[in-house]
Amino acid sequence: MDVWRRVLALLLSLLLAVPLPALAQEQPAGMAPGPPPAAPFPGPQMPLLSAPELQQMLAPLALYPDELLTSVLVAATYPLEVVMADRWLQVPAHRSLQGEALAQALQAQDWDPSVKSLVPFPSVLNMMNDQLDWTQRLGDAFLAQQPDVWDAVQALRQRAQSAGTLVSTPQQTVIMQGPNVVIQPAQPQTVYVPAFNPAVVYGAWPYPDFPPMYYPPTFYPAGIGYAAIGGLAAGIAFGAGVG
């Protein structure tokens, strides 16, 4: 009996000397592993924006040509790259680049194509950089509520049509495709950035608690005088076209 007691005591001492993690890793063959650790508690989700809030936020952009508008919405999901692109464009040597020279210079930048596509439109890029909180909210809304964003754009365009301010011009063509208002460049190879005051072009604003946002066009970097070109106070004005 003393011998067996000594054997059991020796085995017990050996078991106590083995670290617990090592024992936990050794499972008998065929035994299912234990349950995985609980996942961390997910963070709070951003609340969805209402139609009035979306229209308030999209008011400065809704009358852009479709392709330019799409580029802005996608680029807004990369706010840091927007800041980098705007700073890159402020370098005098970069500011003078155009056409193929600009395209080659941009190849070295690891930015999303949507951000690169805005570099030829410095006034748009500068607005997004200067209003970075708005840009981030715009990108978040586009990621979370894409159908609602497009609905808000159409509501704004239809309101501008009813006010008589959204019409075809030598710079852009406004057409209907089913229920949708489509804005395209009048010349396929040249895009004009419209400048407008949302408080004017959309007529009577139906949401007094959510007045339309307005960021006056900057004259960066070429000093384009929008108001002198197209009568900004009365409707939509256009600066120089971008090829």
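Values below: all heavy atoms of this structure, side chains included; hydrogens, waters and symmetry mates excluded.
Annotation: the span from Gln184 atom CD to Thr173 atom OG1 amounts to 7.0 Å, rounded to 0.5 Å. Distance check, rounded to the nearest 0.5 Å: CG of Leu49 to CZ of Phe210 gives 9.5 Å. Atom CG of Asp86 and atom CG of Asp130 lie 6.5 Å apart (nearest 0.5 Å). Distance check, rounded to the nearest 0.5 Å: CD of Gln154 to CG of Asn180 gives 4.0 Å. Considering OG1 of Thr169 and CD1 of Ile236, their distance stands at 8.0 Å, rounded to 0.5 Å. One finds the CG atom of Leu118 at 6.5 Å from the CG atom of Leu68 (value rounded to the nearest 0.5 Å).
Below 30°, between 30° and 60°, or above 60°: for Phe196 and Tyr202 the angle between ring planes is above 60°, a perpendicular geometry.
In the displayed structure, Glu67 atom CD is contacted under 6.0 Å by at most 12 heavy atoms of other residues, nucleotides or ligands.
Between Gln56 and Tyr207 there is no side-chain heavy-atom pair separated by less than 4.5 Å. In this structure the side chain of Gln161 reaches within 4.5 angstrom of the side chain of Met176, judged on heavy atoms. Using a 4.5 Å cut-off on side-chain heavy atoms (C-beta onward), Phe142 and Val74 make contact. By the 4.5 Å heavy-atom criterion applied to side chains, Pro52 and Asp209 are not counted as neighbours.
In the model, Ser71 has no side-chain atom that pairs as donor or acceptor with a side-chain atom of Ser114 under 3.5 Å.
One hydrophobic cluster holds both Leu97 and Met84 under the rule that ILVMFWY side chains link at heavy-atom gaps under 4.5 Å. Hydrophobic clustering (ILVMFWY, side-chain heavy atoms < 4.5 Å, transitive): Leu61 and Trp150 are in one cluster. Using a 4.5 Å cut-off between side-chain heavy atoms of Ile, Leu, Val, Met, Phe, Trp and Tyr, with links allowed through other members, Val83 and Val91 fall into different hydrophobic clusters. Cluster membership check: Val174 shares its hydrophobic cluster with Leu58, using side-chain heavy-atom separations under 4.5 Å among Ile, Leu, Val, Met, Phe, Trp and Tyr.
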Worksheet item: Which is it for Tyr64 and Thr70 under the side chain to side chain contact (heavy atoms under 4.5 Å, CB included) test, yes or no, and what are the steps along the way?
Response: CA-CA 9 Å; Tyr64 280 12; Thr70 302; over 6 Å; no
Practice prompt. Evaluate side chain to side chain contact (heavy atoms under 4.5 Å, CB included) for Leu138 paired with Val72, printing each intermediate quantity in order.
Written response: CA-CA 9 Å; Leu138 185 68; Val72 171; 4.3 Å; yes
Worksheet item: side chain to side chain contact (heavy atoms under 4.5 Å, CB included) between Trp88 and Gln109: does it pass, once the steps are laid out?
Response: CA-CA 10 Å; Trp88 184 89; Gln109 306 303 321; 3.5 Å; yes
Worksheet item: Which is it for Leu80 and Gln136 under the side chain to side chain contact (heavy atoms under 4.5 Å, CB included) test, yes or no, and what are the steps along the way?
Response: CA-CA 9 Å; Leu80 179 58; Gln136 291 178 314; over 6 Å; no
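Nearest heavy atoms, Ala199 versus Pro212: N-CG, 4.4 Å. The two residues Ala85 and Trp111 have their closest heavy-atom pair at CA-CH2, 3.5 Å. The minimum heavy-atom distance linking Gln158 with Pro179 is given by the pair NE2-O, 3.3 Å. Of all heavy-atom pairs between Val82 and Ala75, the closest is CG2-O, 3.5 Å. Considering all non-hydrogen atoms of both residues, Leu69 and Arg157 come closest at CD2-NH2, 3.7 Å. Shown here for Ala76 and Pro79, the closest heavy-atom pair between the two residues is O-CD, 3.5 Å.
For the pair Arg159 and Trp205, the cation-pi test (distance below 6.0 Å, angle within 45°) is passed.
Between the side chain of Glu81 and the backbone N or O of Asp112 there is at least one donor-acceptor pair closer than 3.5 Å. A donor-acceptor pair is defined here as one N or O able to donate and one able to accept, closer than 3.5 Å; such a pair exists between the side chain of Trp134 and the backbone of Met57.
Ion pair Asp110/Lys116 not flagged as a salt bridge, since none of the NZ, NE, NH1 or NH2 atoms sits closer than 4.0 Å to an Asp/Glu carboxylate oxygen.
Just one residue in the list Leu156, Val201, Ile183 forms a side chain to side chain contact (heavy atoms under 4.5 Å, CB included) with Leu166, and that residue is Ile183.
Here Asp151 pairs with nothing under the side-chain hydrogen bond (donor to acceptor under 3.5 Å, both in side chains) rule; sequence neighbours left out. Residues passing the side-chain hydrogen bond (donor to acceptor under 3.5 Å, both in side chains) test with Ser50, sequence neighbours excluded: Glu53.
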